[in-house]
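For reference, the structure is listed below as structure tokens.
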Amino acid sequence: ALRGHKVSLYERENVLAKELSIAAKAPRRGDFEEVRRYYTYQMELLGVDVHLGLPVTQEMVIQQNPDVVIVATGAKPFIPKVDGAESGHVVEMRQVLQEEVEVGQNIIIVDYQNHIYGLDTAEFLADRGKKVELLTESVYAGGMVDYHTIWSAYTNVLSKGVVITPLTGVKEIRGKTVVVYNVLTNAERLIEEVDSVVFCTDGRADDALYRSLKGKVKELYEVGQCVSPRRLLDSIYDGARIGRKL
């Protein structure tokens, strides 16, 4: 828009950048909501034609015949394939942060993201009086987080009684029993009386619309997490890079 293009933005949700609102629900992550508010204001300021609550289809795009299409459909949350994961007490972290599901008192968090979401979700639940154990297959939780942030996050969750168990994967969920194993030795352990299991992942790239438009529009790009699930700054950079290219 700053470069003089006429831009229309279609958003499936009823607000822009809902993922940031979800992230902002974690303790001390309210600044993510400021990012969302900033971009919402800029869309109005720059005269971008914003359509909320409107999923886009291949047919809609082709009918409008745009000069350029930029697909930013993000990533889909998912629960990894683990025996017993189809159980009703197995949920995904975004459901927890949005309080869309009821979780019990004794909770296992399985952190496949290896960034901050696992630790944030653990603290979110600990603040609500839950007993939480965080499992990660890595040497330590949050291995991709910068030193100062991880130090603060560890201090907060440990002070609230969260147990962090590294080098540990989940083999099976048998009702209220979770079978875990050491990723180095394969030694198994049973965790009993688990009320809820929460999986934390980056999600999977939702690139179906991008693929369906290949060869059907004049110019096509994909940006953000639909390319590959990554961090916020990566998505912002993608958008800026393509915007400067047009």
Side chains of Tyr154 and Leu119: closer than 4.5 Å at any heavy-atom pair? yes
Check the surroundings of atom OH in Tyr10: do more than 12 heavy atoms from other residues, nucleotides or ligands lie under 6.0 Å from it? yes
Taking only distance into account, with no hydrogens and no angle test, what donor-acceptor pairs under 3.5 Å do side-chain atoms of residues 46-54 form with protein atoms, sequence neighbours excluded?
{"from": "Asp49", "atom 1": "OD1", "to": "His51", "atom 2": "NE2", "distance (Å)": "3.4"}
{"from": "Asp49", "atom 1": "OD2", "to": "Ser8", "atom 2": "OG", "distance (Å)": "3.4"}
{"from": "Asp49", "atom 1": "OD2", "to": "His51", "atom 2": "NE2", "distance (Å)": "2.9"}

Which of these passes side chain to side chain contact (heavy atoms under 4.5 Å, CB included) with Leu134: Val110, Asp111, Thr121? Asp111
Donor-acceptor pair, side chain of Gln105 and main chain of Gly129, under 3.5 angstrom: yes
Measuring from atom OG1 of Thr168 to atom CG of Leu184, what distance do you get when rounded to the nearest 0.5 angstrom? 9.0 Å
Please check this pair: side chain of Asp120 against backbone of Ala26, looking for a donor-acceptor N/O pair closer than 3.5 Å. no
Rounding to 0.5 Å, atoms NZ (Lys76) and CZ (Arg204) come to a distance of 10.5 Å
Less than 4.5 Å apart, any side-chain heavy atom of Thr177 and any of Ile191? no
Steps toward side-chain contact (heavy atoms from CB on, under 4.5 Å) verdict (Ile236, Tyr39): CA-CA 11 Å; Ile236 292 174; Tyr39 278 111; 3.7 Å; yes
Minimum-distance pair of heavy atoms, taken over all atoms of Arg36 and Ala17: CD-O, 3.5 Å
Describe, in one word, how the ring planes of Phe199 and Tyr112 are oriented to each other, choosing from parallel (under 30°), tilted (30 to 60°) and perpendicular (over 60°). parallel
Looking at Arg94 and Glu99, is there a salt bridge between them, counting it only when a charged N and a carboxylate O are closer than 4.0 Å? no
Look up atom OH in Tyr117 and atom CZ in Phe124, then write down how far apart they are to the nearest 0.5 Å. 11.5 Å
N/O donor-acceptor pairs under 3.5 Å from side chains in residues 155-164, not counting sequence neighbours:
{"from": "Thr155", "atom 1": "OG1", "to": "Trp151", "atom 2": "O", "distance (Å)": "2.8"}
{"from": "Asn156", "atom 1": "ND2", "to": "Ser152", "atom 2": "O", "distance (Å)": "3.0"}
{"from": "Ser159", "atom 1": "OG", "to": "Thr155", "atom 2": "O", "distance (Å)": "3.0"}
{"from": "Ser159", "atom 1": "OG", "to": "Asn156", "atom 2": "O", "distance (Å)": "2.8"}
{"from": "Lys160", "atom 1": "NZ", "to": "Glu123", "atom 2": "OE2", "distance (Å)": "2.7"}
{"from": "Lys160", "atom 1": "NZ", "to": "Asp127", "atom 2": "OD1", "distance (Å)": "2.8"}

If I take atom SG from residue Cys200 and atom CE from residue Met93, how far apart are they, to the nearest 0.5 angstrom? 5.5 Å
Verify the cluster assignment for Val198 and Val194: are they in a single hydrophobic cluster under the rule of side-chain heavy atoms below 4.5 Å apart? no
Taking atom CZ of Arg244 as the centre, does the number of heavy atoms from other residues, nucleotides or ligands within less than 6.0 Å exceed 12? no
Taking only Lys NZ, Arg NE, NH1 and NH2, and the carboxylate oxygens of Asp or Glu, determine whether Arg231 and Asp234 approach each other closer than 4.0 Å. no
Measuring only between side-chain heavy atoms, which start at C-beta, is Ser138 closer than 4.5 Å to Asn114? yes
With no hydrogens and no angle check, just 3.5 Å: does a side-chain donor-acceptor pair link Gln113 and Thr201? no
Residue Lys216 excluded, over 12 heavy atoms near NZ under 6.0 Å: yes
Quiz question: by atom type and distance under 3.5 Å, do the side chains of Ser21 and Glu33 form a donor-acceptor pair? yes
Heavy atoms, side chains only, cut-off 4.5 Å: are Asp207 and Thr73 in contact? no
Compare every heavy atom of Ala85 with every heavy atom of Pro80, then report the nearest pair and how far apart it is. O-CB, 3.9 Å
Val197 versus Ile173: any side-chain heavy-atom pair under 4.5 Å? yes
Give the cluster check for Leu220 versus Val68: same hydrophobic cluster or not, with ILVMFWY residues linked at side-chain heavy-atom distances below 4.5 Å. no
Looking at Lys176, is its backbone amide N or carbonyl O close enough to the side chain of His89 to form a donor-acceptor pair, meaning the two atoms are under 3.5 Å apart? no
Do Thr149 side-chain atoms and Val145 backbone N/O form a donor-acceptor pair below 3.5 Å? no
Check whether any side-chain N or O of Ser196 sits under 3.5 Å from a backbone N or O of Gly104 as a donor-acceptor pair, and report yes or no. yes
Under a 4.5 Å side-chain heavy-atom rule over Ile, Leu, Val, Met, Phe, Trp and Tyr, are Val223 and Leu233 clustered together? no
Does the side chain of Val179 reach to within under 4.5 Å of the side chain of Leu190, using non-hydrogen atoms? yes
Side-chain heavy atoms nearer than 4.5 Å, only ILVMFWY residues, links allowed to pass through others: does that put Val183 and Tyr140 together? yes
So, Tyr181 and Glu172: side-chain donor and acceptor under 3.5 Å apart, yes or no? no
Please report the shortest heavy-atom distance between Thr185 and Asn182, naming the atom on each side. N-OD1, 3.0 Å
So, does Glu13 use its side chain to make a donor-acceptor pair with the main chain of Val15 at under 3.5 Å? no
Is the side chain of Asp206 donor-acceptor paired with the backbone N or O of Cys226 at a distance under 3.5 Å, no angle test? no
Is there a path of hydrophobic side-chain contacts, each under 4.5 Å between heavy atoms of I, L, V, M, F, W or Y residues, that connects Ile79 with Val178? yes
Thinking salt bridges, do Asp238 and Arg230 make one under a 4.0 Å N-O criterion? yes
Taking C-beta and beyond as the side chain, do Tyr221 and Leu246 meet within less than 4.5 Å on heavy atoms? yes
Measuring from atom CD of Gln63 to atom OG1 of Thr57, what distance do you get when rounded to the nearest 0.5 angstrom? 8.5 Å
Is the closest basic N to carboxylate O distance between Lys171 and Glu188 below 4.0 Å? yes
For Pro55 and Arg12, which heavy atoms make the closest approach, and how far apart are they? CG-CG, 3.9 Å
Other residues, nucleotides and ligands only: do more than 12 of their heavy atoms fall within 6.0 Å of NZ on Lys81? no
Does CD belonging to Glu192 count more than 12 external heavy atoms closer than 6.0 Å? yes
In this structure, CD1 of Ile109 is separated from CD of Glu133 (nearest 0.5 Å) by 10.0 Å
Does the side chain of Arg189 come within less than 4.5 Å of Thr165's, by heavy atoms? yes
With a 3.5 Å cut-off and no angle check, do the side chains of Glu193 and Asn106 form a donor-acceptor pair? no
